[in-house]
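Heads up: the structure comes next, in structure tokens.
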Amino acid sequence: MKSVLLSLSLLLSVALCIAQKKPLDHSVYDSWQHIGERMISNDGKWVVYTIDPQEGNNELVIQSSDAKYRKSVPRGYSAVITEDSRYVVFKIKPFYSDTREARIKKKKADDMPKDSIAIVELGKEEIRKTAKVKSYKTPQKSAGWVAYQLEKMPEPPAKPKTPDSNRKSNVSDSLNHIIDSLQSIIKAIPERKKRTRADGTEEELEDTQDIFGQDADGDEPAGSAADAGSDLVVRKLVTGEEKIFANVLEYYFSKTGDKLLLEQAKNPKDSLSKTKVLLYDLKEARTTVLSNGGNDFKNFTMTDDGSQIAFLAERDARPKELQRFYRIWYYKAGMDSASLLADKNTVDMHLGMGISEFG
């Protein structure tokens with residue numbers, strides 16, 4: 001009799017447990033969490049990790065290895081602990097609901113909610129935040145600096161024009177169009193140059209610049225509608241000092257953190273400005289212009305200390321030209337600017353050969 005009663009009580013307990021369990025459906029899956037990013041500081045005293053749900057807002061946790069300090073930041077991700085184990089830098093996502101609603105409404109990329117950047121000194125409570133940040137970088141083998149690129153500022157709405165201002169604007173636009181057309185015609189006239197082959201014969205060159213002794217100063221084609229870039233903020237973490245570079249397209253730290261390489265677009269509000277490649281010395285706060293003018297720059301490469309730099313550049317093609325010829329440019333510390341290293345006219349380059357833009 002006792003065994004029968006025991007069996008019945010066990011069956012009732014199991015039935016109650018099963019009845020109390022929530023059925024597994026998509027609402028349950030969305031609440032499941034897992035550890036995403038995880039990292040340990042070089043001195044072993046700090047741990048940073050993210051707790052990510054299947055759907056919704058995540059959480060970034062900064063914790064000391066002895067568990068005496070713990071700080072949680074909602075929606076934090078893409079974290080980096082600096083080489084000196086003193087700071088953690090990370091991005092903060094917008095609210096999941098805001099991003100989801102913007103996607104449902106099919107908003108343009110410029111109108112979507114933007115990330116922020118946050119900097120925390122390990123062991124302290126203060127969080128320094130900057131809104132609308134596109135990306136950030138820190139030196140790979142050094143500490144003390146962070147560079148972050150802001151999103152493009154939205155264009156202010158155009159003011160309604162009066163009839164008089166419309167008439168003046170039309171006259172001004174017509175004059176500017178005539179000037180631009182004349183400049184395009186002048187630039188379109190090729191200057192034929194010759195060079196002597198190794199066998200003593202001469203050949204004509206299509207380029208408008210010398211192939212030897214050439215500096216990195218080129219002309220931009222009229223009417224090119226390139227990306228205008230956005231502001232780049234370079235911050236010294238210890239002191240909080242900041243320097244801003246406008247119209248930046250690309251940026252790279254040298255591994256040792258001594259130099260910052262920048263590609264800077266022309267200022268859309270200044271018709272005389274040109275695309276530039278800059279090298280900023282972080283210790284001496286000095287900027288060197290490596291290249292002035294051009295259409296496209298890519299494949300930037302530099303030594304760990306930033307003393308030598310090479311990159312590809314296409315600087316002569318006009319907007320509608322299909323053929324584009326790239327050249328390799330080289331810079332070494334002490335030079336005034338980058339110099340031409342190789343192009344399709346370099347000695348020993350056979351007819352039809354050129355510099356690949358892919359490597």
Side-chain angles (χ1 to χ4, degrees), residues 109-110 132-135 137 147-156 158 169 172-173 175-189 207-209 214-234 243-252 259-281 286-300 302 309-331 335-340 343 357:
D110 292 341
K132 296 184 178 180
V133 170
K134 184 177 181 181
S135 65
K137 293 178 183 179
Y148 55 91
Q149 188 172 16
L150 303 176
E151 295 280 358
K152 292 180 183 178
M153 296 295 292
E155 293 290 335
S169 176
S172 176
D173 290 344
L175 290 174
N176 289 333
H177 181 70
I178 293 171
I179 292 171
D180 290 341
S181 299
L182 290 173
Q183 289 177 342
S184 299
I185 293 171
I186 293 170
K187 288 180 180 180
I189 301 173
D207 299 278
T208 60
Q209 298 175 349
Q214 190 178 47
D215 64 9
D217 190 7
D219 294 327
E220 290 232 10
S224 60
D227 185 1
S230 60
D231 287 351
L232 180 78
V233 182
V234 183
K243 181 175 178 62
I244 299 176
F245 293 90
N247 309 118
V248 172
L249 296 171
E250 298 288 345
Y251 63 104
Y252 309 91
K259 305 289 193 303
L260 181 66
L261 184 63
L262 308 161
E263 180 187 352
Q264 189 177 49
K266 63 182 296 184
N267 185 350
K269 297 180 181 179
D270 183 2
S271 59
L272 299 178
S273 68
K274 296 181 179 181
T275 304
K276 296 179 182 179
V277 177
L278 308 176
L279 184 65
Y280 181 63
D281 190 310
R286 185 181 70 248
T287 303
T288 302
V289 179
L290 305 189
S291 182
N292 190 16
N295 301 321
D296 187 24
F297 299 88
K298 57 177 59 179
N299 290 357
F300 292 96
M302 59 178 157
I309 296 168
F311 55 92
L312 288 174
E314 190 287 297
R315 302 173 43 164
D316 304 314
R318 296 176 183 85
K320 294 184 179 180
E321 287 184 348
L322 298 178
Q323 257 191 330
R324 296 178 179 268
F325 298 101
Y326 284 80
R327 298 169 176 176
I328 301 176
W329 296 84
Y330 171 75
Y331 171 82
M335 298 170 62
D336 293 333
S337 62
S339 62
L340 178 63
D343 69 354
E357 65 177 289

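This one's a predicted model, so the numbers in the text were calculated from it and none came from an experiment.
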TODO: With sequence neighbours left out, write down each residue that passes side chain to side chain contact (heavy atoms under 4.5 Å, CB included) with Asp231, or none if nothing qualifies.
DONE: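 Listed in chain order: Leu150, Ile244, Ala246.
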Residues passing the side chain to side chain contact (heavy atoms under 4.5 Å, CB included) test with Ser135, sequence neighbours excluded, are Gln149, Tyr251
Specify whether Phe245 and Tyr280 have parallel, tilted or perpendicular ring planes, treating 30° as the upper limit for parallel and 60° as the lower limit for perpendicular.
perpendicular
Q) Is there side-chain contact between Val289 and Leu278, with at least one heavy-atom pair below 4.5 Å? A)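 Sidechains of Leu278 and Val289: in contact.
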Q. Would you call Tyr331 and Thr288 a side-chain contact if the rule is heavy atoms closer than 4.5 Å?
A.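 Yes, close enough: below the 4.5 Å cut-off.
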[atom1]/[X] to [atom2]/[Y] distance, rounded to the nearest 0.5 angstrom?
{"X": "Ile309", "Y": "Leu261", "atom1": "CD1", "atom2": "CG", "result": "5.0 Å"}
{"X": "Asp110", "Y": "Glu151", "atom1": "CG", "atom2": "CD", "result": "8.0 Å"}
{"X": "Thr275", "Y": "Gln264", "atom1": "OG1", "atom2": "CD", "result": "9.0 Å"}
{"X": "Asp343", "Y": "Arg315", "atom1": "CG", "atom2": "CZ", "result": "11.5 Å"}
{"X": "Leu260", "Y": "Tyr252", "atom1": "CG", "atom2": "OH", "result": "11.0 Å"}
{"X": "Lys276", "Y": "Ser337", "atom1": "NZ", "atom2": "OG", "result": "12.5 Å"}

Applying side chain to side chain contact (heavy atoms under 4.5 Å, CB included) to Phe311 and Glu263, what does each step give before you reach the verdict?
CA-CA 11 Å; Phe311 55 92; Glu263 180 187 352; over 6 Å; no
Lys132 atom NZ, neighbour heavy-atom count above 12 within 6.0 Å: no
Check this for me: Asn267, atom CG, are more than 12 non-hydrogen atoms of other residues, nucleotides or ligands nearer than 6.0 Å? yes
Worksheet item: Under 3.5 Å, is there a donor-acceptor pair between the side chain of Asn247 and the main chain of Ala228?
Response: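 Here the side-chain-to-backbone pair exists.
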Query raised in the report: Are the side chain of Glu314 and the backbone of Asp316 linked by a donor-acceptor contact shorter than 3.5 Å?
Result: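 The answer is yes, because a donor-acceptor pair under 3.5 Å joins these two groups.
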Heavy-atom pair with the smallest gap, counting every atom of [X] and [Y]:
{"X": "Lys266", "Y": "Ser271", "answer": "NZ-O, 4.4 Å"}
{"X": "Ile328", "Y": "Leu312", "answer": "CG1-CD2, 3.6 Å"}
{"X": "Gly229", "Y": "Lys152", "answer": "O-CG, 3.8 Å"}
{"X": "Ser291", "Y": "Gly293", "answer": "OG-O, 3.9 Å"}

Let's go through Trp329 and Leu340 carefully: what are the C-alpha distance in whole Å and the side-chain angles of both, what is the deciding distance for side chain to side chain contact (heavy atoms under 4.5 Å, CB included) to 0.1 Å, and is it a yes or a no? CA-CA 5 Å; Trp329 296 84; Leu340 178 63; 4.0 Å; yes
Note to self: Determine whether Glu250 and Phe297 satisfy the following criterion, side chain to side chain contact (heavy atoms under 4.5 Å, CB included), listing intermediate values before the conclusion.
What the structure shows: CA-CA 10 Å; Glu250 298 288 345; Phe297 299 88; over 6 Å; no
